[in-house]
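The block underneath contains the structure these notes are about, expressed in structure tokens.
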Amino acid sequence: MIIDKVMIAGMDDKTSITELEKIKEEFPFVEWGVLFSKNKVGTARYPSLEYIDRLTKSKCGFMSAHFCGEYPREILEQGDLSEICALSPQFGAIQLNYNFERSKKWKRRHISKLLNNSFDIGVDVIFQMNKSNAPLVKELPTKLPMRSIIRVLHDASGGRGTEIESLEAPTWENYTGFAGGINPVNIVKTSRTIIDNPSDKRVWLDLESGVRTDDEFDLDKVRDLLANVEPFITEYNESN
């Protein structure tokens with residue numbers, strides 16, 4: 001497999017946007033993930049809307065919006081796209097942090113509605129691939145419209161930061177990411193495991209907790225991690 005970018009999430013109002021811009025300039029292959037939560041906005045990991053507005057107007061490049069909590073429930077269970085339509089055009093991709101097995105209220109027509117809307121505004125949609133979501137996510141590329149904009153993030157830890165123990169190579173054409181306990185120390189090992197896989201698919205690495213210190217976004221750890229992974233990055237392409 002070929003690694004072409006690293007997505008890092010978890011900045012908040014305490015994080016210097018100027019420093020994020022500098023890091024982006026030094027490591028063009030980094031992309032930032034912004035966490036959205038109605039109940040946690042303005043707290044650690046979840047920046048305020050005012051901060052997000054400044055961030056999207058900065059020189060930080062391509063970013064993804066990660067919708068948590070009430071947001072994905074409104075979209076997938078109620079078919080309400082009003083808020084996501086207002087927020088997502090500022091981003092190149094959106095991710096829905098949602099457990100399809102745990103909730104029985106989601107509807108397939110709401111997924112189709114989301115994909116059609118995202119296609120119209122040029123925004124990709126990322127679904128998490130884990131034990132709970134795998135049965136549905138694996139069929140998405142063949143059963144739903146606008147499948148070309150679907151991305152898949154393999155995260156067997158379910159967002160708990162458990163280190164990757166094994167890799168499931170992409171089995172379909174859509175862009176694929178890998179997450180799971182990635183940090184500045186183990187990213188070299190993880191990267192070697194990925195590039196040693198015989199698949200010729202392009203993938204991205206995805207992380208959040210691995211660059212935090214005392215539950216705060218640590219810019220020094222971000223730089224260390226990106227410097228360690230840089231030798232393994234091939235042909236960064238923002239459009240992927």
Side-chain angles (χ1 to χ4, degrees), residues 1-36 42 44-67 87-95 121-126 149 151 153 161 175-192 194-195 201-240:
M1 290 185 280
I2 299 168
I3 307 170
D4 66 359
K5 68 183 64 172
V6 178
M7 180 69 71
I8 301 179
M11 71 286 296
D12 52 43
D13 287 21
K14 295 181 180 180
T15 308
S16 167
I17 294 177
T18 299
E19 289 303 311
L20 294 178
E21 291 177 323
K22 290 179 180 178
I23 293 172
K24 176 65 178 180
E25 184 175 4
E26 184 177 358
F27 302 100
F29 58 88
V30 68
E31 296 184 352
W32 307 115
V34 182
L35 303 181
F36 285 80
R45 290 182 169 85
Y46 301 92
S48 65
L49 294 181
E50 186 275 332
Y51 178 93
I52 294 171
D53 182 62
R54 289 191 290 114
L55 186 64
T56 56
K57 293 175 180 176
S58 71
K59 298 178 180 179
C60 286
F62 184 102
M63 288 181 280
S64 62
H66 298 208
F67 290 99
L87 297 170
S88 59
Q90 304 173 79
F91 297 88
I94 62 172
Q95 177 174 313
I121 62 175
V123 175
D124 288 355
V125 179
I126 304 170
I149 67 169
R151 300 186 184 188
L153 175 63
Y175 195 35
T176 301
F178 290 93
I182 298 173
N183 59 53
V185 175
N186 66 22
I187 195 166
V188 170
K189 176 185 174 183
T190 300
S191 299
R192 284 175 176 158
I194 289 175
I195 65 173
K201 304 300 182 187
R202 292 181 176 272
V203 303
W204 86 90
L205 300 182
D206 198 289
L207 66 133
E208 177 198 327
S209 59
V211 291
R212 302 188 75 82
T213 299
D214 297 328
D215 201 31
E216 291 194 2
F217 195 80
D218 189 327
L219 292 167
D220 290 333
K221 283 188 176 179
V222 170
R223 287 190 170 90
D224 287 346
L225 180 139
L226 295 173
N228 289 342
V229 76
E230 188 173 24
F232 301 95
I233 301 296
T234 301
E235 298 179 10
Y236 166 72
N237 184 350
E238 186 174 76
S239 65
N240 264 353

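Note: hydrogens, waters and symmetry copies are ignored here, and every other heavy atom, side chains too, is used. In this chain, residues are counted from 1 in sequence order. Just so we're clear, the structure is a prediction, and the values are computed from it rather than from any experiment.
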Exercise. Tell me, with the steps shown, if I233 and K5 meet side chain to side chain contact (heavy atoms under 4.5 Å, CB included).
Key: CA-CA 7 Å; I233 301 296; K5 68 183 64 172; over 6 Å; no
Self-check item: Shortest non-hydrogen contact between L219 and I23, atoms and distance
Solution: CD2-CD1, 3.8 Å
Practice problem: State, yes or no, whether a side-chain contact exists between V123 and F91 at a heavy-atom distance under 4.5 Å. | Solution: no
Quiz prompt | Heavy-atom check, side chain of V34 versus side chain of T56, under 4.5 Å | solution = no
Exercise. Could you list the residues that satisfy ring-ring contact (aromatic ring centres under 6.0 Å, His included) with Y51, not counting sequence neighbours?
Key: none
Exercise. Please identify each residue that fulfils side chain to side chain contact (heavy atoms under 4.5 Å, CB included) with E230, with sequence neighbours left out.
Key: F27, F29
Quiz item: Is there side-chain contact between I2 and I195, with at least one heavy-atom pair below 4.5 Å?
Solution: no
Practice problem: Give the intermediate values and the outcome of side chain to side chain contact (heavy atoms under 4.5 Å, CB included) for residues I17 and W32. | Solution: CA-CA 11 Å; I17 294 177; W32 307 115; over 6 Å; no
Exercise. Heavy atoms only: give me the nearest V229-S191 pair and the separation to one decimal.
Key: CG2-OG, 3.4 Å
Self-check item: Side-chain donor or acceptor of D13 paired with backbone N/O of S48 under 3.5 Å
Solution: yes
Quiz item: Would a distance-only check, ignoring hydrogens and angles, find a side-chain to backbone donor-acceptor pair under 3.5 Å from R212 to G10?
Solution: yes
Practice problem: Check side-chain hydrogen bond (donor to acceptor under 3.5 Å, both in side chains) between D220 and all other residues, then give those that pass, not counting sequence neighbours. | Solution: none
Practice problem: List for me each residue that meets side-chain hydrogen bond (donor to acceptor under 3.5 Å, both in side chains) alongside E25, sequence neighbours excluded, and say none if there are none. | Solution: none
Practice problem: Would you give the length of the straight line joining atom CZ of R45 to atom OG of S209, rounded to the nearest 0.5 angstrom? | Solution: 7.0 Å
Quiz prompt | Distance, nearest 0.5 Å, that separates CG of D206 from CD1 of I8 | solution = 9.5 Å
Quiz item: Counting distance only, does the side-chain N/O of N183 pair as donor-acceptor with the main-chain N or O of V185 below 3.5 Å?
Solution: yes
Quiz item: Can you tell me how far the CG atom of D124 sits from the CD1 atom of I149, to the nearest 0.5 Å?
Solution: 6.0 Å
Quiz prompt | Shortest non-hydrogen contact from M11 toward G33 | solution = SD-O, 3.3 Å
Exercise. Go through the side-chain N and O atoms of K201 and T176 and say whether any donor and acceptor fall under 3.5 Å apart.
Key: no
Self-check item: Pairwise ring pair (Phe, Tyr, Trp, His ring centres under 6.0 Å) hits with a residue in residues 207-228, at least two apart
Solution: none
Quiz prompt | Partner residues of W204 under the ring-ring contact (aromatic ring centres under 6.0 Å, His included) criterion, sequence neighbours left out | solution = Y175
Quiz item: side-chain hydrogen bond (donor to acceptor under 3.5 Å, both in side chains) with N228: which residues, sequence neighbours excluded?
Solution: none
Quiz prompt | L55 side chain near P47 side chain, heavy-atom distance below 4.5 Å | solution = no
Quiz prompt | For K59, all residues meeting side chain to side chain contact (heavy atoms under 4.5 Å, CB included), sequence neighbours excluded | solution = E21
Quiz item: Under the side chain to side chain contact (heavy atoms under 4.5 Å, CB included) criterion, do E208 and L35 qualify, and how do the steps go?
Solution: CA-CA 10 Å; E208 177 198 327; L35 303 181; 3.8 Å; yes
Quiz item: Does any N or O in the side chain of T190 come within less than 3.5 Å of the main-chain N or O of I187, such that one atom is a donor and the other an acceptor?
Solution: no
Practice problem: Please name all residues satisfying side chain to side chain contact (heavy atoms under 4.5 Å, CB included) with D224, sequence neighbours left out, ordered by chain then number. | Solution: P184
Quiz item: Do you know the tightest heavy-atom contact between A44 and D12?
Solution: CA-OD2, 3.4 Å
Exercise. Name all residues meeting the ring-ring contact (aromatic ring centres under 6.0 Å, His included) criterion together with F67; count only those two or more places apart in sequence or in a different chain, and write none if there are none.
Key: F36, Y71
Quiz item: Which atoms form the tightest heavy-atom contact between P231 and A227, and what is the distance?
Solution: CD-O, 3.6 Å
Quiz item: Residues two or more places apart in sequence or in another chain: which of them pass side-chain hydrogen bond (donor to acceptor under 3.5 Å, both in side chains) with R223?
Solution: E19
Exercise. Applying side chain to side chain contact (heavy atoms under 4.5 Å, CB included), name anything that partners K57, two or more places apart in sequence or on another chain.
Key: D53
Quiz item: Rounded to the nearest 0.5 Å, what separation is found between the CG atom of L20 and the OG1 atom of T15?
Solution: 6.0 Å
Exercise. Could you grab the distance from atom CG of L153 to atom NE2 of H66, nearest 0.5 Å is fine?
Key: 8.0 Å
Exercise. Would you please test V6 and I182 for side chain to side chain contact (heavy atoms under 4.5 Å, CB included) and show each step?
Key: CA-CA 11 Å; V6 178; I182 298 173; over 6 Å; no
Quiz item: Rounded to the nearest 0.5 Å, how far does CZ of F232 lie from CE of M1?
Solution: 14.0 Å
Self-check item: Contact summary for G210 and K221, nearest pair of heavy atoms
Solution: O-CD, 4.1 Å
